[in-house]
Amino acid sequence: MPKSIDDQVAELQADTGEHHVAVTFTLNGVTETVVLPSRTLASDAIRHHLRRTGTHVGCEHGVCGACTVLLDGNPVRSCLVLAASLEGHSVTTVEGLVEPDGTLHPVQQAFKDCHGLQCGFCTPGFVTTIAAFLEDNPNPTHDEATDAIAGNLCRCTGYQNIRASVLRAAEITRERAGQFPLGVDDEATRDALDRQVRGSTQPVGGRAGRS
């Protein structure tokens with residue numbers, strides 16, 4: 001017979017001498033229960049206990065943003081959050097942004113279109129940060145796109161392609177909503193949608209891809 005959660009907690013505490021807790025929360029739409037030391041960080045619970053390794057850990061001081069996940073839809077640095085505090089909440093990592101049929105989230109597709117990544121280490125944190133930003137501001141200007149990514153560090157790029165990805169993601173979201181048909185490349189139509197948002201979303205050294 002499988003051990004109950006209470007039995008697991010008691011056994012681990014007896015074996016290690018360290019206080020343990022059972023935490024139940026929703027991770028990428030699936031309810032998970034994990035038993036771990038009460039001092040465990042959310043980033044470690046997600047990566048090491050639940051094996052969602054798309055969430056990367058960089059500075060572990062809440063500075064770089066690589067470990068950013070969505071907690072009830074809001075971007076948080078998971079290295080600054082105790083796993084125990086996730087109880088009853090919903091967490092979305094970069095893996096959870098993909099649609100069930102495999103369709104990439106607009107931000108993920110935009111990073112592909114605009115080559116918004118190089119080594120890829122910081123990318124998950126940027127993607128989750130931008131996804132939350134576009135929920136609040138679906139039509140960002142260039143300056144707003146710059147501000148949106150200012151809290152995340154990338155050591156490979158000059159951020160131009162990442163900013164282009166923010167603007168491209170906004171375009172893709174409109175395209176999927178039927179506000180701008182896929183494949184249409186008409187300047188007048190673009191200007192009619194939003195003059196401030198449009199403009200060059202091309203990656204440095206190349207043209208932004210379009211379906």
Side-chain angles (χ1 to χ4, degrees), residues 5 8-9 12-13 15-98 104-105 107-108 110-112 115-136 145-163 165-166 169:
I5 295 298
Q8 292 180 49
V9 171
L12 283 168
Q13 289 184 173
D15 288 345
T16 65
E18 185 173 7
H19 185 260
H20 281 64
V21 293
V23 185
T24 299
F25 64 101
T26 301
L27 180 62
N28 297 334
V30 178
T31 300
E32 302 277 7
T33 297
V34 60
V35 178
L36 34 70
S38 56
R39 61 182 174 81
T40 304
L41 297 173
S43 55
D44 290 332
I46 292 168
R47 282 183 55 81
H48 303 305
H49 292 267
L50 294 170
R51 305 304 299 167
R52 303 303 194 276
T53 54
T55 298
H56 294 168
V57 176
C59 67
E60 298 188 87
H61 292 285
V63 176
C64 72
C67 70
T68 302
V69 299
L70 303 181
L71 179 59
D72 296 335
N74 299 308
V76 299
R77 309 296 212 229
S78 60
C79 73
L80 297 180
V81 177
L82 286 174
S85 69
L86 301 179
E87 177 69 33
H89 292 283
S90 176
V91 174
T92 303
T93 67
V94 66
E95 298 100 323
L97 292 176
V98 180
L104 295 178
H105 186 278
V107 180
Q108 294 169 320
F111 266 72
K112 179 180 178 181
H115 191 59
L117 69 160
Q118 286 193 20
C119 80
F121 189 83
C122 67
T123 303
F126 272 104
V127 170
T128 49
T129 298
I130 295 166
F133 166 72
L134 291 176
E135 286 290 327
D136 293 331
T146 300
D147 289 342
I149 62 175
N152 291 60
L153 299 181
C154 175
R155 302 189 186 280
C156 294
T157 76
Y159 296 90
Q160 290 96 330
N161 289 1
I162 299 174
R163 178 176 64 182
S165 299
V166 178

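- A pairwise comparison of heavy atoms in A22 and I5 identifies CB-CG2, 3.2 Å as the closest pair.
- Between V69 and S78, the closest heavy-atom pair is CG2-CB, 4.0 Å.
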> Passes side-chain hydrogen bond (donor to acceptor under 3.5 Å, both in side chains), R163 versus T146? Steps please.
Replying inline: CA-CA 6 Å; R163 178 176 64 182; T146 300; 3.2 Å; yes
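- A salt bridge is absent between R51 and E95: the closest approach of a Lys/Arg side-chain nitrogen to an acidic carboxylate oxygen does not fall below 4.0 angstrom.
- From E18, atom CD reaches atom CD of Q13 across 9.0 Å, with rounding to the nearest 0.5 Å.
- Here SG of C79 is found 12.0 Å from CZ of R47. Values are rounded to the nearest 0.5 Å.
- Using a 4.5 Å cut-off on side-chain heavy atoms (C-beta onward), L70 and L97 make contact.
- The OG1 atom of T68 lies 12.0 Å from the CG atom of N74; values are rounded to the nearest 0.5 Å.
- Summarising the geometry of S43 relative to V57, their closest heavy-atom pair is CB-CG2, 3.9 Å, with the distance given to 0.1 Å.
- F121 CZ to F126 CZ: the interatomic distance, rounded to the nearest 0.5 Å, is 12.5 Å.
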Quick one, I149 with T129, criterion side chain to side chain contact (heavy atoms under 4.5 Å, CB included). Give me CA distance, side-chain angles, the key distance, then yes/no. CA-CA 8 Å; I149 62 175; T129 298; over 6 Å; no
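- Under the side-chain contact (heavy atoms from CB on, under 4.5 Å) rule, E32 has a single partner from V91, L27, T26, I46, which is L27.
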**OP:** For the pair T128 and T92, evaluate side chain to side chain contact (heavy atoms under 4.5 Å, CB included) and give the outcome as yes or no after the intermediate values.
**Re:** CA-CA 8 Å; T128 49; T92 303; over 6 Å; no
Residue pair T33, T24: steps toward the side-chain hydrogen bond (donor to acceptor under 3.5 Å, both in side chains) verdict
CA-CA 4 Å; T33 297; T24 299; 2.8 Å; yes
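- Interatomic distance, L117 CG to F111 CZ, rounded to the nearest 0.5 Å: 7.5 Å.
- Residue C64 comes nearest to C59 through the heavy atom pair N-SG, 3.3 Å, listed as atom of the first residue, atom of the second, then distance.
- Listed for the H105 side chain is a donor-acceptor partner under 3.5 Å among the backbone atoms of V107.
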Under the side chain to side chain contact (heavy atoms under 4.5 Å, CB included) criterion, do C122 and L153 qualify, and how do the steps go? CA-CA 7 Å; C122 67; L153 299 181; over 6 Å; no
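- For the atom pair CG (L50) and CG (D44), the distance works out to 11.5 Å, reported to the nearest 0.5 Å.
- For the pair P124 and T55, the minimum side-chain heavy-atom distance is 4.5 Å or more.
- Annotation: H89 is not in aromatic contact with F25 [ring centroid separation under 6.0 Å not met].
- Across every non-hydrogen atom of Y159 and C154, the tightest pair is OH-N, 2.9 Å.
- Annotation for G58 and A66: closest pair N-CB, 4.3 Å, computed over non-hydrogen atoms.
- Of the possible donor and acceptor atoms, none in the side chain of T40 sits under 3.5 Å from a partner among the backbone N and O of L36.
- Side chain of Q108 to backbone of V94: a donor-acceptor contact under 3.5 angstrom is found.
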